[in-house]
Amino acid sequence: MSVRPNVRPAGHKPPFWRDRAKRALIFQLILVAVVAAFMIYIINNTQANLSARGITTGFGFLSNTAGFGIGQTLIEYTSRSSYGRTFVIGLLNTLLVGGLGVVAASIIGFIVGIARLSPNWLIAKLANAYIETFRNIPLLLQIFFWYFAVLRTLPSARDSLAFGEIIFLNVRGLFLPEPLFESGFGLIPVTLIAAIVASIALIIWNRRRHEATGKRLPAGWIALAMIVGLPMLVLVVTGVPITWEVPVLTGFNFRGGVTIIPEFLALWLALSIYTASFIAEIVRSGIQAIPHGQTEAAQALSLPRKLVLKLVVIPQAMRVIIPPLTSQYLNLIKNSSLATAIGYPDLVSVFAGTTLNQTGQAIEVIAMTMAVYLIISLLVSMFMNWFNARVALVER
Amino acid sequence: MIHNKEVIPPQPAPKGTIGPIAWLRGNLFNGPINSLFTLLGLYVLYLLVVPTVQWAFINADWVGTSREDCSRVGACWVFVNARFNQFVYGLYPSSEYWRPNIVFGMFAAIIAWMVIPRLPFKRWVAVFALLVFPVIAYVLLHGGYFDLPRVSTHRWGGLMLTLLLATVGMVGALPIGIVLALGRRSNMPIVKSFCVVFIEFWRGVPLITILFMASVMLPLFLPTGMGVDRLVRALIGLTLFQSAYMAEVIRGGLQAIPKGQEEAAAALGMTYWKRMGLIVMPQALKMMIPGIVNTFISLFKDTTLVMIIGLFDLLGIVQAALSDSRWLGFSLEGYVFAAFVFWIFCFSMSRYSQYLERKLNTGHKR
Amino acid sequence: MTQAATNASDLMVEMRNVNKWYGDFHVLRDIYLEVKRGERIVVCGPSGSGKSTLIRCINHLEEHQKGEIVVGGIPLTQDVKRIEQIRRSVGMVFQHFNLFPHLSVLENCCIAPMWVQKKPRKEAEAQAMQYLERVRIAEQATKYPGQLSGGQQQRVAIARSLCMHPDVMLFDEPTSALDPEMIKEVLDVMVELAEEGMTMICVTHEMGFAKKVADRVIFMDQGQIIEENAPEPFFNDPQSDRTKLFLSQILGH
């Protein structure tokens, strides 16, 4: 295979070791040979080791019975389920803490990042203190702090911290009332969907109207009012068809309601707080990357402050913010694997931990676990490339 | 028509536009909303600072030897005091503490020499640090030579191990990272795709799975009967992980060098390795230092993960001390101490990298 | 627009005893300036003399601490509504153009008419095309600022300001970031604008432009107005030593 177009003066043929293209080819062939030899060496060793230990390779173990319980399962699972099922359970738990972590970290991060730029000196300094504190302490230490020093030292179920006698926090976790929907409740989600559809329609109509006549309604506020207000209205009109199942103390623990295990709380808190400190920095530098001249030009055109932000600053800042932001999201999902240190049943904990220990299928288990993270990374970087191509500023 | 014949001397700014009161008004109390925020901020500060100071200083116990010396009203630093040597040296035999101390001292001296701008012979110190110092450190820490008693690696721990993992991981990752970065920029398709796959693989998976892989799968890859030290396994994992991130920093630095530099070097008849080694790398390296320091900070924090595969780094040893039955219930003190140590290291490094970035930026503007 | 009014009540910009400090530094000292409708003023002076600060005070991009500024009969105060009202009638062109890079040329010109004056898009676009035509850049309307040369960008910036039908145009060194061959295309547009009777206050070192269109030339140094005169006497017979020195430096090379 030729690497560069070969344009040679006729009649001159250098010896092959001085020909650039051939040199590159030979070098690459050597590289391939070395890598291949290395792989063969490893595979041979592995086969010898596995047969010495009596381990058979293959993915057959996935259908074997797992035989262990898991503390938090989003879909049905018993100790009689298969290892394949534990993989799915772990993956779902990873995605749950990752997804909720992304939401919380974004909210905290954007607030702190904007506060960092506040003209109020005290607020800016407080935001800065937050950033400098949390991003300079290892995440694992923060997870331990929340888990062992805070949540594990909470009182027992009998002496729970009660919030209005419906929410209880104790060493076993956070106990929330669970909504039980009665007949007639079906109207509320329908109303909510209708309100969302109407809001989207309103926003589109408002944009068209603005284009056509220059007039605008505060559509965002109206939409918000509709989405919140209409379901509330229906709720009241239908006589509130929800009963709340409040957790009740029976014996040594609470029954009923929704239980959030302390492992989840600790991991979620630590991941959100830690990642938020990085997101805050990204937001700050993204906003600061917009030259002051842009704001001044918009002001000179007499755009009011709100529109300067909406039309000039935010669209430009988002271009700068989103690429590093997605890589922080990716980091958060990868970091959620630290769950294993406190026993939150994520993918690494239940699959690369318990399952691996029980089956000894190290290669298959680690490969599957890594493949999950690689696929997530790949999907995110595909999104990133698409996004960058879409919003890149057109330059000469 | 002359406007002002006389030069108007500069006058002081009107009262209320400068000075502490004006500063307060301008920065804290300009407008009702801002004043509200200021009061809210003060309240948050009060809520955070007062109990912390009371717990950590005013009501804290500092002297003593056992938990009986703790009043439990505030922090009990007696715990940290009693365990301090372990937190620093792990299970290293106390009669041999002088050995890690010499290594610490040399390490600190090298860092100080490299960081203080005025000191000369930086290049030679760097060569010493990369080639001679590791040998000295290994001989001193591990022993077995020159009548030094052997101290096997499972007794290493604490801050010593944390620093060791981070520096070895870093120093090992640098050359691999350079090769990977050059490979990724190469126009040989096989080399390039190999490097891309390698880099993206290690960057795509969490460090914990790499450490699992190093501790569980590495023994399978080697010939039967060839055991690898647990610490070495962790170091291999950390180094490979770090090299991928390093490669990206180096690639960024290389991209910042104008193409003309390499072209000029080629026009002078330099070969590829001379162009890279003499012209491009020295310039790029300077621009990469802030990025390298930043990845080092991440690595430094990430070394805590080795406790999951059974090594006792600073966090690992604190965690182990917390489960000591004589000292149950002091987790807050233990974590706060560990957090403080990590914070000091990471914060000063990040300040240093910011300082370098500022220096680089002004250098460019000139 | 061509009525060159001399009526004293037709003052567009009045500055009385304006003083401004950056911290301790006294940047504007006792500024008195009156600009009538249709008048063309050129402000010159060494760098750091406060000339940019002076015109940036007029549309409140900078805040003055002492004195009084009245624009189009409206006194400038802290009132946000008033500031926006004044900015609607004052156009500004910057040294570094400050076009919005994420919007096309046409969108740059439509954004303020659509969102501030609440014009329909069609109308805003038609009017934008008209002004782009006038600055001779209509064929680039769908391009983005990053694709244009400096001179083209500055002409778009002028068109963008004109789309708001301003009563006064402020020019803050509009040609000093441009390559020599592009200066002319921008100055030509400015001369045409002046000939149509636009009230203009230009901070510039283009003395040729000053001689050609200015009704008055103002020389500033160390935050104060040193000399103020019609171009002819200003250039031929400067009164103050500092003006002479400045002119010899700027015209001497």
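Listed options Leu126(A), Asn120(A), Thr46(A) were ranked by heavy-atom pairs under 4.5 angstrom with chain B; first place goes to Asn120(A). With chain B as the partner, the residue from Ile43(A), Leu139(A), Thr133(A), Ile333(A) showing the most heavy-atom pairs under 4.5 Å is Thr133(A). No other option in Gly334(B), Ser35(B), Pro223(B), Ser186(B) has as many heavy-atom pairs under 4.5 Å with chain A as Pro223(B). With respect to chain B, the highest number of heavy-atom pairs below 4.5 Å among Asn331(A), Val32(A), Ile123(A) belongs to Ile123(A). Counting heavy-atom pairs closer than 4.5 Å to chain A, the top-ranked of the candidates Thr38(B), Val216(B), Leu222(B), Thr304(B) is Leu222(B). Highest contact tally toward chain B, considering only Phe144(A), Tyr41(A), Tyr373(A), Phe145(A), is held by Phe144(A) [criterion: heavy-atom pairs under 4.5 Å]. Heavy-atom pairs under 4.5 Å with chain A peak, among Leu332(B), Asp302(B), Ile344(B), Leu207(B), at Leu332(B).
Between Gly41(B) and Leu122(A), the shortest heavy-atom contact is C-CD2, 3.7 Å. Residues Phe221(B) and Ile42(A) share a closest heavy-atom pair of CD2-CG2, 3.3 Å. Residues Ser377(A) and Gly204(B) approach most closely at OG-O, 3.1 Å, considering heavy atoms. The nearest pair of heavy atoms linking Gln28(A) to Val191(B) is OE1-N, 3.3 Å.
Both the backbone and the side chain of Ile210(B) have a heavy atom closer than 4.5 Å to some heavy atom of chain A. Interface remark: Arg135(A) contributes backbone and side-chain atoms alike to the contact with chain B (heavy atom separation under 4.5 Å). Heavy atoms of Ser337(A) lying under 4.5 Å from chain B belong to its backbone as well as its side chain. Proximity to chain A is limited to the side chain of Ser350(B), based on heavy atoms less than 4.5 angstrom apart. For Phe38(A), no part lies under 4.5 angstrom from a heavy atom of chain B. For Met213(B), the parts lying near chain A are the backbone and the side chain together; criterion is any non-hydrogen pair under 4.5 Å. Neither the backbone nor the side chain of Val365(A) has a heavy atom closer than 4.5 Å to any heavy atom of chain B. Neither the backbone nor the side chain of Leu40(B) has a heavy atom closer than 4.5 Å to any heavy atom of chain A. Only the side chain of Tyr274(A) comes within contact range of chain B, with heavy atoms under 4.5 Å apart. There is no contact between Glu333(B) and chain A, counting heavy-atom distances below 4.5 Å. The part of Met307(B) that comes within reach of chain A is its side chain, from C-beta onward, which places non-hydrogen atoms under 4.5 angstrom from that chain. For Ile308(B), the part sitting under 4.5 Å from any heavy atom of chain A is the side chain, from C-beta outward, and nothing else.
Shown here is Arg203(B), whose CZ atom has more than 12 heavy atoms of other residues, nucleotides or ligands within 6.0 Å. By the neighbour-count criterion of 12 heavy atoms within 6.0 Å, atom CZ of Phe27(A) is sparsely surrounded, having that number or fewer from other residues, nucleotides or ligands. Counting heavy atoms of neighbouring residues, nucleotides and ligands inside a 6.0 Å radius, atom CG of Leu47(B) exceeds 12 of them. Remark: Leu117(A) CG is packed, more than 12 non-hydrogen atoms of other residues, nucleotides or ligands lying under 6.0 Å away. Heavy atoms of other residues, nucleotides or ligands lying less than 6.0 angstrom from CZ of Phe37(B) number 12 at most.
The structure places CG of Leu31(A) at 9.0 Å from CE of Met188(B), a figure rounded to the nearest 0.5 Å. Once rounded to the nearest 0.5 Å, the distance linking OG1 of Thr340(A) with CG of Leu305(B) reads 10.0 Å. The distance from the CD1 atom of Ile208(B) to the OG1 atom of Thr369(A) is 11.5 Å, given to the nearest 0.5 Å. A distance of 5.0 Å separates CZ in Arg351(B) from CD in Glu132(A), rounded to the nearest 0.5 Å.
With sequence neighbours excluded, the residues satisfying side chain to side chain contact (heavy atoms under 4.5 Å, CB included) with Pro219(B) are Arg53(A), Arg233(B). Under the side chain to side chain contact (heavy atoms under 4.5 Å, CB included) criterion, Ser156(A) pairs with Arg158(A), Asp159(A), sequence neighbours left out.
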Please assess Leu220(B) against Asn45(A) for the test side chain to side chain contact (heavy atoms under 4.5 Å, CB included), listing each intermediate value before the final yes or no. CA-CA 7 Å; Leu220(B) 290 176; Asn45(A) 285 336; over 6 Å; no
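Residues Leu315(B) and Leu140(A) form a side-chain contact, since some pair of their non-hydrogen atoms from C-beta on lies under 4.5 Å apart. Between Met217(B) and Ile363(A), the closest side-chain pair of non-hydrogen atoms falls below 4.5 Å. Side-chain contact between Met370(A) and Phe201(B) is present, with at least one heavy-atom pair separated by less than 4.5 Å. Side-chain contact between Phe148(A) and Leu322(B) is absent, with no heavy atoms from C-beta onward closer than 4.5 Å.
Inspection of non-hydrogen atoms places Tyr335(B), Ala338(B), Ala339(B), Phe342(B), Trp343(B) of residues 335-343 of chain B under 4.5 Å from chain A. For residues 349-358 of chain A, a heavy-atom distance under 4.5 Å to chain B picks out Ala352(A), Leu356(A), given by residue number.
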